[in-house]
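Structure first, commentary second.
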There are 2 protein chains.
Amino acid sequence: MAQGEVRSGSAAAPRGVDVARHAGVSQKTVSRVFNGERYVSEDVRRRVLEAAEELGYRLNSAARALASGRTHSIGVVTLGTALYGPASLLIGIERAARDVGYALRVVNTLEGDPGGIAGAVEHLLEQGVDGIVVSEPIDEGAVSLSVDVPVLVLGSPAPFAGPRTVSAGVGAELPAREATRHLLGLGHRVVHHLAGPQRWFAARDRLAGWRAALAERGRDQPPVIEGDWSAASGYAAGHELASDRDLTAVFAANDDMAIGLIRALTEAGLRVPEDVSVIGFDDTPVSAYVTPPLTTVRQPFDAVAREGLRLLVHAIEKPDTELPPANDPPVELVLRASTAPPPQHRPQTTD
Amino acid sequence: MAQGEVRSGSAAAPRGVDVARHAGVSQKTVSRVFNGERYVSEDVRRRVLEAAEELGYRLNSAARALASGRTHSIGVVTLGTALYGPASLLIGIERAARDVGYALRVVNTLEGDPGGIAGAVEHLLEQGVDGIVVSEPIDEGAVSLSVDVPVLVLGSPAPFAGPRTVSAGVGAELPAREATRHLLGLGHRVVHHLAGPQRWFAARDRLAGWRAALAERGRDQPPVIEGDWSAASGYAAGHELASDRDLTAVFAANDDMAIGLIRALTEAGLRVPEDVSVIGFDDTPVSAYVTPPLTTVRQPFDAVAREGLRLLVHAIEKPDTELPPANDPPVELVLRASTAPPPQHRPQTTD
DNA sequence: TTGAAAGCGCTAACAA
DNA sequence: TTGTTAGCGCTTTCAA
C-alpha cells in the first residue's frame with residue numbers, strides 16, 4: 001500500500017501580509033493576485049505566487065467572507081440521500097457547483113426531522129451561503145422562511161414562493177404519463193399505480209401523469225396504493241395487488257418499489273411480464289440487471305442539477321438581470337423486458 | 001399544494017450590536033448568550049433572545065470563524081457517491097456531525113479527477129474546516145499533504161500516515177472471510193471471487209478475506225475477476241464465469257455486481273442457487289427483493305460513521321488527550337436464498 | 001499599475 | 001455577572 005505522508009502544520013498559518021513581505025509588495029497586491037484581478041504586472045504576479053508557494057499560503061475563506069459578504073458556497077438541503085434519485089442529484093450539484101467555483105454545504109433532512117426543510121434552510125443560512133438548493137422537497141405545509149439568498153428547488157415546482165426562487169427538473173408528470181401510455185398502448189385495459197409517498201412533490205407528479213394518461217383514454221382509475229419508495233413497500237403492495245384478478249399492468253413510481261413488487265408477484269405465482277407488466281421510474285444502475293430487466297423511465301439527474309445550478313448562480317451573481325431561459329433536459333422511456341401485451345387467456349371485455 | 005412564503009431580506013442583516021442596543025446590554029453579552037456561556041443572568045438572557053428574535057438576528061459564522069479560528073465545520077471527501085455504500089456513509093456522517101454541532105462541507109472526487117483525494121482535501125482546507133473525513137479512499141500512490149487538522153479515514157486503515165489521523169470501519173476483511181467460509185461450509189469446493197476495483201482499499205480487504213478463507217482450508221484460489229462495483233461489470237463477469245464448468249459458488253464484492261452476475265448466469269441457463277451460489281456484500285435495500293433474494297453481508301454504515309465522527313471530534317476538541325478506545329461495530333452475514341449446497345449431480349472429487 | 005487605511009462582525013483577554 | 005478593547009485576515013475605497 002502506498003502510504004502518503006501528512007505534514008502536520010506547526011506554526012501559525014501564513015497570512016497575506018507574510019506573503020507580501022516575502023515578495024516585496026503590499027498585502028493588497030497579494031489579494032489582487034489571488035483574486036485574479038487586473039492591473040498586476042506579470043513580474044509581480046510571479047513573485048507573489050512564488051512567495052505564496054514557498055510559505056504554503058492559503059486564502060482564509062472566513063476572512064474573505066467577512067470582508068466581502070460573499071461566501072462562495074452553496075447550501076444543499078437533501079432528503080433521504082441514500083435513495084438513488086436524491087443521491088444522484090447531490091453528486092450532480094456538487095460537480096456543477098465546483099465547476100463554477102462554489103463550495104457545497106450539505107444538510108440532510110430525513111422525513112420526520114424536527115424543523116424539517118425550514119429548519120435545514122435556517123441551519124444553512126447560519127453557516128453562511130450565497131444560495132440554497134432544496135432537492136426533491138416534500139410538502140410540509142405552510143413554511144415561512146426569512147431567506148435573503150436565491151433558492152433553487154429541484155424536482156418540483158417551487159413550493160416556496162419567493163422573488164428569488166427558481167426551479168428545475170420539474171417534468172415528472174409528462175414521463176409518468178408516457179409510461180402509462182406505453183402500458184395502455186400494449187393493450188392493457190387497466191393500469192394500476194404504485195405511488196410514492198404523497199408528501200413528496202415528485203410522487204404527486206407521477207400520480208398526476210398516470211391519472212392524465214388514463215383520463216385521456218377514458219379508462220377507470222383503480223385505487224392507488226401508496227408506498228414509501230422502498231423495495232419493501234413495493235413488496236407489500238405486490239402481495240395486495242396479486243389477489244386482484246384484473247391485474248395486468250402496474251406503473252410503479254420508482255424502480256426500487258417495482259423490484260419489490262415483482263418479487264411479490266413472482267412469489268404469488270404470477271409471471272412478469274407474461275401475466276403482469278411492470279414499469280418503474282428512475283433507471284437505477286441495477287434496474288437493467290434484475291429479472292426481468294426493468295422497463296423504466298430514465299431521469300437525467302446530472303443534467304437537471306447542472307441546469308438548475310446554472311439558474312441559481314445566475315440569480316446569485318446577476319440578481320438584477322433576467323433569468324436565462326430554462327431548458328429542462330428530456331426524460332427518456334427505457335424499454336426492457338418487464339412489459340408486454342396482456343395475457344391472451346384472460347377474459348377481455350370490449351371498449 | 002401548501003405554498004410557503006419567503007420573506008426576502010430587505011435591509012442589511014442585523015448584527016450583534018443591534019441586538020445589544022435593542023436589549024440594552026453590551027455586544028459581548030449578546031455573544032455570551034449565543035454561545036451558551038455561563039455568567040449571564042436569566043433576565044438578561046431572555047431580553048437578548050427576545051431582541052434577537054424580533055430583529056431576525058443570526059450569528060455570522062464567517063466573523064465567528066475569523067475571530068475564533070474555529071469553523072465548526074467538517075469537510076468530507078467522498079468518491080462516487082451514488083454507490084450505496086458511500087452514499088449511506090455520507091448520510092451517517094452528516095447526521096452524526098450535526099448532532100455534535102458541526103456543519104458539513106462536501107467535495108465529491110470521482111475516480112480520475114485531476115488532483116484526486118489530495119486535491120479535494122486541499123479544496124476543503126481552503127474553505128476552512130476543523131476536521132476532514134475521507135470516505136472510502138482509493139489508492140492514489142504517494143500523497144503528500146500539508147494538513148493541520150485531524151483526518152478521519154473511513155473504510156480502510158489510514159492510507160495517510162499522520163499524527164492526527166484516525167480511522168473507523170476498517171473491518172471488511174473478516175466479514176469477507178466469513179462470507180467465503182459460509183460458501184465453503186455449504187460444501188463448495190471452489191469459491192470464485194468477483195472483486196471490486198483494486199484501487200479501492202475496501203475492495204482489497206474483501207479480496208484478502210476471500211484469500212484467507214480459502215487458504216485456511218487449503219483450497220486453490222481460482223483467478224480473480226475484477227469489476228468496477230457496477231451491476232454492468234458483474235454482468236460481464238458472469239458471462240465469463242458461466243463457461244467455467246467448475247463454477248458452483250461466487251463471492252461478489254458488492255451486491256450490485258452480484259445482481260449483474262446472477263442475471264448473466266441466468267441468461268446462460270444456470271440457476272441460482274441450484275447450480276451456482278452467489279453471495280454479495282453491503283445488503284442494499286433492494287437485495288432482499290431481487291430474484292433470488294441475495295445472501296449478503298450487512299454493513300453498519302450508520303454506526304461506522306457515528307463511531308468515526310466520535311473519534312474525529314475528540315481529536316478536534318481535545319487534541320492533547322488520548323483517543324477513546326475504538327469499537328468497530330459488528331458486520332453481519334445475512335442469509336437469504338442465493339446460496340445453497342453445490343449441485344449433487346456435478347462430478348465431485350474427494351479432498 | 002500599486003499601496004494605505006478603514007472596516008467586515010465576531011471572540012479573546014482583561015477589567016470592572 | 002457584565003463591559004471594554006483589541007484584533008482575526010481579508011476586501012473595499014480611495015489615493016498615488
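This one's a predicted model, so the numbers in the text were calculated from it and none came from an experiment. By convention in this document, chain letters (A, B, ...) are assigned in the order of the sequence lines, proteins followed by strands, and residues within each chain are numbered from 1.
- Nearest nucleotide to the R15(A) side chain, out of dG3(D), dG9(D), dC8(D): dG9(D).
- Distance E37(A) CD to dT13(D) C1': 12 Å, rounded to the nearest Å.
- Between the side chain of N60(A) and the backbone N or O of A62(A) there is at least one donor-acceptor pair closer than 3.5 Å.
- In this structure, L90(B) CG and F301(B) CZ are separated by 12.5 Å, a value rounded to the nearest 0.5 Å.
- The listed nucleotides are dG3(D), dG9(D), dC10(C); the one nearest the side chain of A67(B) is dC10(C).
- Distances from the side chain of Y39(A) to the nucleotides dT2(C), dC10(C), dT11(D) place dT2(C) closest.
- Under a 3.5 Å cut-off, the side chain of N35(B) and the backbone N or O of S31(B) do form a donor-acceptor pair.
- Contact between G128(B) and S61(A) at its shortest, heavy atoms only, is N-OG, 4.1 Å.
- One interatomic measurement links the two molecules: CZ of R21(B) to P of dG3(D), which rounds to 14 Å at whole-angstrom precision.
- Closest approach to the T29(B) side chain among dT2(C), dT11(D), dG3(D) is made by dG3(D) (side chain taken as heavy atoms from C-beta onward).
- When distances run from any side-chain atom of L59(B) to the nucleotides dG3(D), dT11(C), dC10(D), the shortest one goes to dT11(C).
- OP1 or OP2 of dC10(C) has not a single side-chain nitrogen or oxygen of S31(B) nearer than 4.0 Å.
- Taking every side-chain heavy atom of Q27(A) into account, dT11(D) is the closest of dG3(C), dG9(D), dT11(D).
- Atom pair K28(B):NZ and dA6(D):P shows a separation of 16 Å (rounding to whole Å applied).
- Of the N and O atoms on the side chains of N108(A) and R98(B), not one donor lies less than 3.5 Å from an acceptor on the other residue.
- Not one side-chain nitrogen or oxygen of S26(A) sits closer than 4.0 Å to the OP1 or OP2 atom of dT2(C).
- Side-chain atoms of T29(A) do not come within 3.5 Å of backbone N or O of V25(A) as any donor-acceptor pair.
- Near DNA chain D, meaning a heavy atom under 4.0 Å from it, residues 40-53 of chain B has V40(B), S41(B), V44(B) in order of number.
- Below the 3.5 angstrom threshold, one finds a donor paired with an acceptor across the side chain of R32(A) and the base of dG3(C).
- Residue-level contact check: F34(A) touches neither bases nor backbone, having no heavy atom under 4.0 Å from any strand.
- Across the protein-nucleic acid pair, H72(A) atom NE2 and dT11(D) atom C1' stand 11 Å apart, rounded to whole Å.
- Rounded to a whole Å, the CZ atom of R38(A) is 14 Å from the P atom of dT2(C).
- Applying the side-chain hydrogen bond (donor to acceptor under 3.5 Å, both in side chains) test to pairs two or more places apart or on separate chains, those with a residue in residues 124-133 of chain B are R70(B)-D130(B), T71(B)-D130(B).
- Proximity of a side-chain donor or acceptor of R47(A) to a complementary backbone N or O of A23(A) within less than 3.5 Å is detected.
- Here the C1' atom of nucleotide dG7(C) and the CG atom of N60(B) are 14 Å apart, to the nearest Å.
- Rounding to whole angstrom units, CG of residue L66(B) and P of dG7(C) are separated by 17 Å.
- Rounding to whole angstrom units, CZ of residue R58(B) and C1' of dC8(C) are separated by 18 Å.
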